[in-house]
Every structure is written in structure tokens, then in C-alpha cells.
There are 2 protein chains.
Amino acid sequence: MAKHDTDLSLLFHALADPTRRSILTQLAETPARVTDLAGPTGLRLPTVMRHLSVLEEAGLIATSKDGRVRTCAIVPEAFSPVRTWLDEQQAIWEARLDRLDAFVMNVMKERGK
Amino acid sequence: MAKHDTDLSLLFHALADPTRRSILTQLAETPARVTDLAGPTGLRLPTVMRHLSVLEEAGLIATSKDGRVRTCAIVPEAFSPVRTWLDEQQAIWEARLDRLDAFVMNVMKERGK
DNA sequence: GTGATAGTTAGCAGTATGGCTAAGCATGAT
DNA sequence: ATCATGCTTAGCCATACTGCTAACTATCAC
């Protein structure tokens, strides 16, 4: 349960909110300013800022400020721990199903004797 | 932003908790009773029950009661909306990067004239 | 410098989350 | 019939989340 775990919690939590997901989708299209991101959501700036903080702390976006404009961009690599975790889970239950298959095959073979 | 969206929120939220993820991992190995799941967590039964409810409402596990024992099992297909969403996002930003590539190539070609 | 623009900070309100205890209700074992 | 087991329900507590407004800072345009 190392930092690895914390990362995943941050990631999943960041992705659990529809507003944040739609912001991510928008950023997947193209980088954008905070105000541009706020527009479609219909939320107030401070609220959107909070969502952006969550996304940034999860590492899903990166932001930089130029003058008074903050530009946000997606960080595609940030999704990979999620994929990795999903793959791990899948590997575990697939291995189990394989063993189950083997067991069933064995039973059938025994029956055949 | 239909039910699809709600599903994703439920899924991501369910996955955002370390306890719930470790329960899922345990269930990926093999189905288990509530008490068996509670053991490793060190949490009290009612607390674990709550986590199980969250997982079940997200569709990640299925449970059935036989006598006084409730057995929980993972639902592997339940993960697929997550994968699908990740794939969609990836497709979007990959398309963008492709366009960017094309643009750069074009600029270089123009320069070559 | 004045004013508009883009973010930012502080703090409030309502709800949700994650833990607990205590008590209840079946079911299985003796 | 009694007792232990396995789960369930109800309800409490502290904290965290998501929205808001109001007020502030920093830049850019004139």
C-alpha cells in the first residue's frame, strides 16, 4: 500500500466527477485557458479552479501561467497507472478462470475413463 | 451526459478507495464471504458492508446469500466502461497529435520549397 | 493611471464519505 | 432450546467534497 496506492486513489477520485471528466475531454482536444474550460461547465471560476487543482494533483493535467493567463494541458501518460491496475486485475481473474477451465477439463477427462 | 456518465462516476468513485480496490483484488482471486473480506482490511463488518454496497451499486461485484452467508464475486465485465472511456480519451488526443504531426510536416514541406 | 480582464484566495453552506458502536435478526450447531 | 455465527440496521462523529459569494491581485489595453 505504498505511494502507488495513493496515486491510484488520487487518479480514480479525480476521474469520478463528470465535470472533471468533461474538462479532460475538452483538454484532450486542445489545451485551453481556465476561462475557456469554465465556459461549458456553467460553473463559477473558483469552482472550476478547484476541479483543476484536483486534476493537477492527480497529475492528469499540467498548467502554466503566461502573464495573467493560465493554460491547461492534458498529460496523457498520467492515465497509464489506471490501465496498469486494470490489467493487473484482469490478469488475476483470467488466471483463475484458466485454472477453473483446467479443472473442468480434468473432471471431464476423469469421467471419460 | 446520460446514464452512461453516472455509471462512470459510480465506477471511478468505487475504485477510488484503497480498501475497495484491495477487496476487488481479493475477489479477483476467488469469491469470498463478507467476513473473509473484512479480515484483511482490519475494519469492522458494518464498514466493510458499506464498501461492498458501493462496489455492488457500481456493478463491480455481485453478491448472493445462502443461509446466513453472503458470498461476493467479482464482475469482470464491469470494468469495461472504464477501459472504453480511457480509449475514447486516448483516441481524441492521439487524433490531435496526428494533426499536429501533419501540420509540422506541412510546415517543413513548405520550407523546403 | 484607469479600467477591464484573468485568476486567485478566503470562507460559508449543504451533502457525502468513511469510520465506529450498539443492537437486531436470521441460521447453523449442540 | 440455547448459543454462537454471520450478517444487517440505525445512528453517531469527524472529515472531505462541491458548489457559492465576496474580495483581492496581477496583468493588459488605452
Side-chain angles (χ1 to χ4, degrees), chain A residues 1 3 5-27 30-74, chain B residues 1 3 5-27 30-74:
Chain A
M1 309 237 182
K3 202 204 240 162
D5 228 59
T6 305
D7 286 357
L8 275 177
S9 294
L10 283 177
L11 279 171
F12 279 124
H13 173 242
L15 296 174
D17 184 283
T19 300
R20 287 194 288 266
R21 285 199 304 280
S22 82
I23 287 176
L24 280 177
T25 301
Q26 192 178 343
L27 287 178
T30 178
R33 304 178 311 154
V34 173
T35 306
D36 294 337
L37 292 170
T41 66
L43 299 174
R44 301 293 182 172
L45 263 189
T47 306
V48 173
M49 285 292 296
R50 241 185 157 69
H51 284 303
L52 292 177
S53 308
V54 172
L55 289 170
E56 189 165 21
E57 272 169 42
L60 286 164
I61 68 171
T63 77
S64 63
K65 200 162 179 181
D66 179 23
R68 60 186 165 168
V69 173
R70 179 172 296 279
T71 303
C72 308
I74 203 166
Chain B
M1 312 231 183
K3 202 202 241 163
D5 227 57
T6 304
D7 286 357
L8 274 178
S9 294
L10 282 178
L11 279 171
F12 279 125
H13 172 244
L15 295 175
D17 184 283
T19 299
R20 287 195 288 266
R21 285 198 304 278
S22 83
I23 287 176
L24 280 178
T25 302
Q26 192 179 342
L27 288 179
T30 178
R33 303 178 311 156
V34 173
T35 307
D36 295 338
L37 292 170
T41 66
L43 299 174
R44 301 294 181 170
L45 264 189
T47 306
V48 172
M49 285 292 296
R50 242 182 146 68
H51 283 304
L52 292 177
S53 308
V54 172
L55 289 171
E56 190 165 19
E57 272 169 41
L60 287 164
I61 68 171
T63 77
S64 64
K65 199 162 179 181
D66 179 22
R68 61 185 164 169
V69 173
R70 177 172 298 279
T71 303
C72 308
I74 203 165

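This structure is a prediction, so every number in the text was calculated from the model and none was measured. Labels below follow one simple rule: chain letters A, B, ... track the order of the sequence lines, proteins then strands, and each chain is numbered from 1.
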Find out whether A:Thr19 and A:Val48 are in side-chain contact, i.e. whether some heavy atom of one side chain is under 4.5 Å from a heavy atom of the other. no

Mind listing the closest non-hydrogen atom pair of A:Leu27 and A:Ala32 along with its distance? CD2-N, 3.7 Å

May I have the distance from A:His13 (atom NE2) to D:dT15 (atom P), rounded to whole angstrom? 18 Å

So which heavy atom on B:Ala58 is nearest to which on B:Leu11, and how close? O-CD2, 3.5 Å

Distance-only, no hydrogens or angles: does the B:Thr47 side chain make a donor-acceptor pair with backbone N or O of B:Leu43 under 3.5 Å? no

Quick one: which residue pairs count as a salt bridge (charged side-chain N to carboxylate O under 4.0 Å, His left out) with a foot in residues 53-68 of chain A, not counting sequence neighbours? none

When every non-hydrogen atom of A:Leu45 is compared with those of A:Val34, the smallest separation belongs to CD2-CG1, 3.5 Å

For residues 34-49 of chain B, which residue pairs pass the salt bridge (charged side-chain N to carboxylate O under 4.0 Å, His left out) check, not counting sequence neighbours? B:Arg33-B:Asp36

Results of side chain to side chain contact (heavy atoms under 4.5 Å, CB included) for B:Ala16 - residues two or more places apart only: A:Phe12, A:His13

Considering only heavy atoms, which members of residues 50-62 of chain A lie under 4.0 Å from some atom of DNA chain D? A:Arg50, A:His51

Does anyone know the first and last nucleotide of DNA chain C in reach of chain A, 5' to 3', at under 4.0 angstrom to a heavy atom? C:dA4 to C:dT9

Which residue pairs pass the salt bridge (charged side-chain N to carboxylate O under 4.0 Å, His left out) test when at least one of the two sits in residues 15-24 of chain B, sequence neighbours left out? A:Asp5-B:Arg21

Contacting residues from residues 34-48 of chain A, given that a heavy atom lies under 4.0 angstrom of DNA chain D: A:Leu43, A:Arg44, A:Pro46, A:Thr47

Would you kindly compare B:Met49 and B:Arg68 by the position of their nearest DNA chain D nucleotide and give the one closer to the 5′ end? B:Arg68

Residue list, salt bridge (charged side-chain N to carboxylate O under 4.0 Å, His left out) with B:Arg50, at least two apart or on another chain: none

Send over the distance from B:Arg70 CZ to D:dT8 C1', rounded to a whole Å. 9 Å

